[in-house]
Amino acid sequence: MSAIESVLIENRVFPPSEALVKAARISGMAGYEALCAEAEKDFTGFWGRLARENLTWDKPFTRVLDESAKPFYKWFDDGMLNASVNCLDRHMGTPVENKTAIIFEADDGAVTQVTYKQLLARVCQFANALKAHGVQKGDRVLIYMPMTIEGVVAMQACARLGAIHSVVFGGFSAKALQERIIDGGAVAVVTANYQMRGGKELPLKAIVDEALAMGGCESIRNVFVYERSASACPMQAGRDKTFAEVLKGQPTECAPVSVEAEHPLYILYTSGSTGKPKGVQHSTGGYLLQAKLTMDWSFDLQPSDVFWCTADIGWVTGHTYCTYGPLAAGATEIVFEGIPTFPDAGRFWQMIERHKCSVFYTAPTAIRSLIKAAETHDAVHPRHSNLSSLRIIGSVGEPINPEAWMWYYKNVGGERCPIIDTYWQTETGAHMINPLPGATPLVPGSCTLPLPGIFPAIVDETGHEMPNGTGGMLVYKKPWPSMVRTIWGDPERFKKTYFPEEMKGYYLAGDGAVRSADRGYFRVTGRIDDVLNVSGHRLGTMEVESALVAKTDLVAEAAVVARPDELTGEAICAFVVLKRSLPHGAEADKIAKELRDWVAKEIGPIAKPKDIRFGENLPKTRSGKIMRRLLRSLAKGEAITQDTSTLENPAILDQLGQTH
Ligand code: WTA
């Protein structure tokens with residue numbers, strides 16, 4: 001597609017069909033604007049009303065928002081509730097009780113279903129098992145599980161007891177796991193012997209063992225092991241127990257522990273601009289409210305919908321749109337264990353047909369890789385599957401380029417389904433800026449307008465608002481119920497990162513954005529800090545740099561930048577100064593491979609640099625500061641046109657241009 005064509009497409013507008021406007025719960029722009037007006041007129045009244053209508057409270061709240069310790073905002077804080085009650089018990093005695101809660105499709109294609117009633121029984125049973133091992137309200141439980149019903153059960157069981165889960169994505173390394181165990185002070189680990197992905201059996205428990213053996217994890221008393229496959233794994237007597245062992249004899253009822261609305265529901269580690277990932281702490285009441293509400297608003301969830309969010313529970317999207325949102329909303333949801341390209345790249349489309357999925361929510365990186373697959377191998381093109389069950393399709397995790405948007409719209413959505421491009425973050429807990437299916441006219445590549453009650457703005461470095469059409473930093477002017485409450489164990493870092501002084505009390509998202517001159521639509525252009533977005537996964541440049549320099553026998557210095565990548569959105573490019581002479585040819589390739597494997601071990605395979613460049617030094621100013629903008633140009637393969645007069649060592653640029 002030519003550049004001119006893609007610009008033309010960006011200007012195209014796709015209004016919702018009349019049928020959708022009529023049927024949707026938020027009907028037309030008038031419906032959307034009415035809610036926005038309500039929120040503007042009476043901010044706390046608006047959120048209070050929604051919290052009363054959408055959640056089941058054990059003790060009703062009397063105060064909506066407490067700003068006395070801002071930016072440590074409190075929402076509904078004298079109210080009490082339980083998250084698992086709001087996802088499960090509240091449906092008992094209603095038609096949802098016997099509805100399918102989860103359709104699970106395993107990597108090998110085997111399908112299992114559970115109803116809400118059965119899911120509640122399983123959550124209670126596992127909660128009883130945790131309780132029998134001393135897990136209590138406020139304890140941290142680390143979950144390192146494959147995408148399975150049991151993963152969701154483990155999270156819900158923690159919530160039932162008021163225990164705080166900390167889910168770590170199954171692709172993270174033992175080192176990453178150990179750091180998160182130590183930082184959170186977890187008392188137990190819930191894991192599986194293996195995980196099945198792409199026809200392969202990959203160890204999980206062995207990685208937990210490795211993490212625990214690294215030391216510093218003395219807080220862990222128990223390791224619960226779900227037997228995902230028949231293969232044996234090493235078990236340490238006293239500490240490690242299988243699910244079968246701990247569930248045996250446990251009753252299928254478990255009294256929920258009522259908690260304060262502000263009680264932490266979970267911690268989820270995410271990358272920031274320093275080397276150490278931050279434990280983003282979410283609340284129970286406010287978080288759950290927006291998880292539930294955005295299912296209704298963004299996806300216009302109807303009782304007959306089959307909802308499928310393809311994210312893993314290891315990421316925030318899996319928390320909000322697999323574990324909490326769909327269940328709180330009483331949806332039938334698909335949970336998929338495998339990968340989009342196994343047994344072939346038509347898997348998603350075949351699964352939509354098989355399970356009559358009606359709301360499909362995935363990431364641009366998956367779309368882009370499936371476009372490529374369909375273009376090279378027609379048999380996996382979505383046209384070979386019956387996708388007529390779809391009514392809404394969504395996108396999350398990174399900007400979706402207009403070309404991918406158009407392909408998704410035509411080939412998956414049949415030019416019938418609105419694309420809901422949802423812009424949000426681990427820290428926001430739920431959707432913030434996105435179209436509503438029955439209201440907002442769509443513009444490819446734009447996440448359009450904020451949800452009612454959300455007040456974004458674009459500002460310059462001093463916090464002054466920019467006119468439409470001018471890019472700047474995205475901020476939120478008012479707090480919202482599902483916002484991050486603090487960084488676990490580091491309130492100072494919370495304040496500095498999200499509420500820096502120059503932003504005048506606004507929340508700083510860390511993204512650049514621009515509003516269109518005509519409609520005021522938002523387009524998020526990407527991170528403005530040192531955070532990378534590779535395949536929709538967040539990684540810190542400093543995190544990868546720290547991993548590289550931790551290879552002390554080899555690496556003297558490293559700098560990491562992102563460069564645009566057609567498939568993964570961004571790719572990691574690492575510039576490395578070795579402690580030995582500059583390697584060439586095969587030797588350089590060998591060292592590059594060694595460093596990639598090292599980073600995979602330190603963080604996880606997703607953090608492996610795509611390019612590694614070696615040099616005798618890095619481009620630095622006379623005062624010793626690394627000139628990252630030059631590195632970014634080198635990474636893109638651009639000619640250096642910037643001013644290099646402050647550069648101490650210009651010759652270094654030639655060396656660093658070589659890829660390995
Ligand atoms: C980016 C994932 C453009 C953004 C939910 C944000 C997006 C970071 C979009 C958060 C989108 C997420 N359009 N950019 N629709 N969604 N991002 O914490 O840079 O893993 O700050 O949360 O992803 O990533 P996180």
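Counting starts at 1 for both ligands and their atoms, following the listed order.
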N/O separation below 3.5 Å, [X] to ligand 1:
{"X": "Thr426", "answer": "yes"}
{"X": "Gly526", "answer": "no"}
{"X": "Thr422", "answer": "yes"}

Distance under 6.0 Å and angle within 45° of ring axis: Arg347 vs Phe336:
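Because its charged atom misses either the 6.0 Å distance or the 45° angle limit, Arg347 does not stack over Phe336.
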
Cation over ring, Lys477 on Phe455, under 6.0 Å and within 45°?
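Pair Lys477/Phe455 does not count as cation-pi.
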
Give the atom numbers and elements of ligand 1 that come within less than 4.0 Å of a heavy atom of [X].
{"X": "Asn533", "answer": "1 (C), 23 (O)"}
{"X": "Thr317", "answer": "5 (C)"}
{"X": "Asp421", "answer": "11 (C), 15 (N)"}

Measuring from Asn411:CG to Ile367:CD1, what's the distance to the nearest 0.5 Å?
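With rounding to 0.5 Å, CG (Asn411) is 11.0 Å from CD1 (Ile367).
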
Do [X] and [Y] sit within salt-bridge range, that is, some charged N less than 4.0 Å from a carboxylate O?
{"X": "Lys276", "Y": "Asp490", "answer": "no"}
{"X": "Asp300", "Y": "Arg391", "answer": "yes"}
{"X": "Glu427", "Y": "Lys278", "answer": "yes"}

How far is [atom] from the closest protein heavy atom, and which atom is that?
{"atom": "atom 5 (C) of ligand 1", "answer": "Trp424 CE2, 3.5 Å"}
{"atom": "atom 3 (C) of ligand 1", "answer": "Pro399 N, 3.1 Å"}
{"atom": "atom 23 (O) of ligand 1", "answer": "Gly397 O, 3.2 Å"}

Heavy-atom distance to [atom]: which of [options] wins?
{"atom": "atom 20 (O) of ligand 1", "options": "Arg538, Met432, Glu570, Arg523", "result": "Arg538"}
{"atom": "atom 6 (C) of ligand 1", "options": "Ile420, Asp529, Asp511", "result": "Asp511"}
{"atom": "atom 11 (C) of ligand 1", "options": "Glu398, His537, Arg527", "result": "Glu398"}

Can the ring centroids of Tyr361 and Tyr321 be said to lie less than 6.0 angstrom from one another?
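Here the rings of Tyr321 and Tyr361 have centres that are less than 6.0 Å from each other.
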
Check: Phe172 ring centre within less than 6.0 Å of His537 ring centre
no

Can Trp315 be said to touch ligand 1, with heavy atoms closer than 4.0 Å?
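No, that is not the case, since the closest heavy atom of the residue is not under 4.0 Å from the ligand.
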
Any donor and acceptor pair, going by atom type alone, linking the side chain of Thr422 with main-chain N or O of Ser395 inside 3.5 Å?
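Yes: the side chain of Thr422 pairs with the backbone of Ser395.
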
Give the contacting part of Val531 toward ligand 1: side chain, backbone, both or neither, where contact means a heavy-atom distance below 4.0 Å.
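It is neither part, as no heavy atom is under 4.0 Å.
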
